[in-house]
Asker: 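One structure, as structure tokens, below. Some questions next.
Position 1 is the first residue of the sequence; numbering continues from there. These numbers come from a predicted model, not from an experiment.
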Amino acid sequence: MNFNTGYQLYQEGKFEEALAVFDELIIQEKGKTELHLYRGRILTRLGKGELALEDFDLLTALEPYNTDFISDRGVVLHLLGRNDEALSELDRAANLDPRNPYRYSSRAFLKDRIGDLLGAIEDYEKAIELDPEDAVAFNNKGLVEEKLGQKERAKKSYEKADELVGYKPTQKSDDLPSVGNKKSAEIPKPNPEPSKENNKMTAGHFWSTLKSILGNEASRREFSDFVKGLFGGKRSKSS
């Protein structure tokens, strides 16, 4: 068994098999960060948040200023319903990496989920300021604006997102879809552990929406692997 074998299984969605590989590798090389990183991500995908958190606790202890590890740990805390702690982690990631628009988009996603809609818009606007060509940030800002009843602002955000991806309403239906009209991919996901609290998301629901915070910056590539291939755009236009 080697890392490449486990990583390939992870990429293929064979999480139980990948977990067995990484468990064995960690027995051989405990404390190697890339092994704990991917085991933590696999455990998260399997809905085993408490076990995943153990790996991310170890990673952030080994590298306390690694913003990718901090961000991943925040995801796990969110899945466990520990939203105050999750937000604290994403705050820390943004403070350590303030010029990275992804830090604000990911925090905006969480704020939206926990009901801080004005805070979410503020973070999406910061992400857009840093990356004016981030169509997904415009799209998601529109989603939040709709929730606030700001129909005209939402419409402008959606139109900007469509402009950035090259969508035009006159295109045929088999051309490139708009960010908002593209439906989520129907891809089977493992059954997560059931949620026991109203404010706790299931892993399956989380992974069906998280990709909407991801863009094309090189700094996001590793985290993109965490949610690769699960879903498409996340809004429908109401006008």
Side-chain angles (χ1 to χ4, degrees), residues 10 15 18-19 22 26 31 33-98 100-120 122-124 126-127 140 144 189-214 219-228 230-231 234:
Y10 165 73
F15 301 119
L19 179 60
F22 281 101
I26 286 171
T33 56
E34 66 178 1
L35 300 180
H36 287 277
L37 174 62
Y38 281 98
R39 186 173 71 173
R41 289 177 170 179
I42 291 163
L43 288 166
T44 306
R45 292 291 296 273
L46 290 171
K48 299 178 180 180
E50 294 289 353
L51 292 174
L53 189 60
E54 293 179 11
D55 277 317
F56 287 113
D57 285 347
L58 174 63
L59 288 167
T60 52
L62 291 171
E63 297 186 25
Y65 303 112
N66 186 312
T67 52
D68 291 328
F69 295 167
I70 293 168
S71 182
D72 280 17
R73 185 172 185 273
V75 168
V76 176
L77 289 166
H78 178 44
L79 289 171
L80 292 171
R82 294 162 59 176
N83 289 322
D84 288 342
E85 294 171 79
L87 185 58
S88 178
E89 288 295 79
L90 295 185
D91 285 344
R92 191 156 68 99
N95 289 336
L96 289 168
D97 195 11
N100 186 342
Y102 166 64
R103 300 302 168 206
Y104 301 96
S105 289
S106 56
R107 189 171 66 182
F109 174 84
L110 175 58
K111 287 181 177 179
D112 179 11
R113 291 298 314 172
I114 65 179
D116 181 7
L117 302 184
L118 294 177
E122 182 179 355
D123 273 343
Y124 280 130
K126 180 63 176 179
N140 288 357
V144 182
K189 294 178 282 292
N191 293 324
E193 295 171 350
S195 171
K196 296 181 180 179
E197 302 175 21
N198 290 334
N199 67 338
K200 185 185 295 186
M201 297 181 68
T202 65
H205 186 201
F206 184 82
W207 298 122
S208 71
T209 55
L210 183 59
K211 192 180 179 183
S212 60
I213 67 175
L214 299 175
S219 60
R220 307 176 197 182
R221 289 173 186 165
E222 274 303 299
F223 195 83
S224 296
D225 287 340
F226 201 6
V227 293
K228 182 180 179 182
L230 288 181
F231 23 58
K234 300 316 304 171

Asker: List in chain and number order the residues that pass side chain to side chain donor-acceptor pair (under 3.5 Å) with Asp112, two or more places apart in sequence or in another chain; answer none if no residue qualifies.
Answerer: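 For Asp112 the side chain to side chain donor-acceptor pair (under 3.5 Å) partners, ignoring immediate neighbours, are Lys147.
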
Asker: Can you give me the closest heavy-atom contact between Ala18 and Ile42, atom names plus distance?
Answerer: CB-CD1, 3.6 Å

Asker: Just so I know, are the side chains of Asn140 and Tyr124 near enough to count as touching, which here means a heavy-atom distance under 4.5 Å?
Answerer: yes

Asker: Please list, chain by chain and in numerical order, all residues satisfying side chain to side chain donor-acceptor pair (under 3.5 Å) with Thr67, sequence neighbours excluded.
Answerer: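 Testing Thr67 for side chain to side chain donor-acceptor pair (under 3.5 Å), a comparison that skips the adjacent residues, returns Arg103.
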
Asker: Return the minimal non-hydrogen interatomic distance between Ala127 and Ser105, and the atom names on each side.
Answerer: CB-OG, 3.3 Å

Asker: Nearest 0.5 Å, what's the CG-NZ distance between Leu19 and Lys48?
Answerer: 6.0 Å

Asker: Taking all non-hydrogen atoms of both residues, which atom of Leu96 and which atom of Pro64 are closest, and how far apart?
Answerer: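 Scanning both residues completely, I find the closest heavy atoms to be CD1-O, 4.5 Å.
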
Asker: Quick check: closest heavy atoms across Ser106 and Leu90, and the distance to 0.1 Å?
Answerer: O-CD1, 3.8 Å

Asker: Which heavy atom of Gly74 sits nearest a heavy atom of Ala86, and at what distance?
Answerer: O-CB, 3.3 Å

Asker: When rounded to the nearest 0.5 angstrom, what is the spacing between CZ in Phe15 and CZ in Phe22?
Answerer: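 So the CZ of Phe15 and the CZ of Phe22 are separated by 11.5 Å.
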
Asker: So Arg73 and Leu59, do their side chains get closer than 4.5 Å, heavy atoms only?
Answerer: no

Asker: CZ/Arg39 to CD1/Ile26 distance, rounded to the nearest 0.5 angstrom?
Answerer: 3.5 Å

Asker: Going by side-chain contact (heavy atoms from CB on, under 4.5 Å), name the residues that satisfy it together with Glu54, two or more places apart in sequence or in a different chain.
Answerer: Leu51

Asker: Determine, stepwise, if the pair Leu53 / Arg82 fulfils side chain to side chain contact (heavy atoms under 4.5 Å, CB included).
Answerer: CA-CA 12 Å; Leu53 189 60; Arg82 294 162 59 176; 3.4 Å; yes

Asker: Look up atom CD in Glu89 and atom CG in Asp72, then write down how far apart they are to the nearest 0.5 Å.
Answerer: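 Those atoms lie 10.5 Å apart.
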
Asker: Excluding sequence neighbours, so at least two apart, what forms side chain to side chain donor-acceptor pair (under 3.5 Å) with Asn66?
Answerer: Glu63

Asker: Just so I know, are the side chains of Leu62 and Phe69 near enough to count as touching, which here means a heavy-atom distance under 4.5 Å?
Answerer: no

Asker: Just wondering, do Phe56 and Ile70 contact through their side chains at under 4.5 Å, heavy atoms?
Answerer: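 With C-beta onward as the side chain, the pair stays apart.
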
Asker: The criterion is side chain to side chain donor-acceptor pair (under 3.5 Å); which residues satisfy it with Asn95, sequence neighbours excluded?
Answerer: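 Residues passing side chain to side chain donor-acceptor pair (under 3.5 Å) with Asn95: none at all.
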
Asker: Return the CG to CZ distance between Asp91 and Arg107, rounded to the nearest 0.5 Å.
Answerer: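 So the gap between those two atoms works out to 5.0 Å.
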
Asker: Supply the atom-to-atom distance Asp116 CG to Asn83 CG, rounded to the nearest 0.5 angstrom.
Answerer: 11.5 Å

Asker: Between Tyr38 and Tyr10, what is the ring plane arrangement, given parallel below 30°, perpendicular above 60°, and tilted in between?
Answerer: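 Rings of Tyr38 and Tyr10: perpendicular, over 60°.
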
Asker: If I compare all heavy atoms of Asp123 with all of Ala108, which pair ends up nearest, and what's the gap?
Answerer: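 Answer, listing the atom of Asp123 first, then Ala108: CB-CB, 3.6 Å.
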
Asker: List for me each residue that meets ring pair (Phe, Tyr, Trp, His ring centres under 6.0 Å) alongside Tyr104, sequence neighbours excluded, and say none if there are none.
Answerer: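 Partners of Tyr104 under the ring pair (Phe, Tyr, Trp, His ring centres under 6.0 Å) test: none.
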
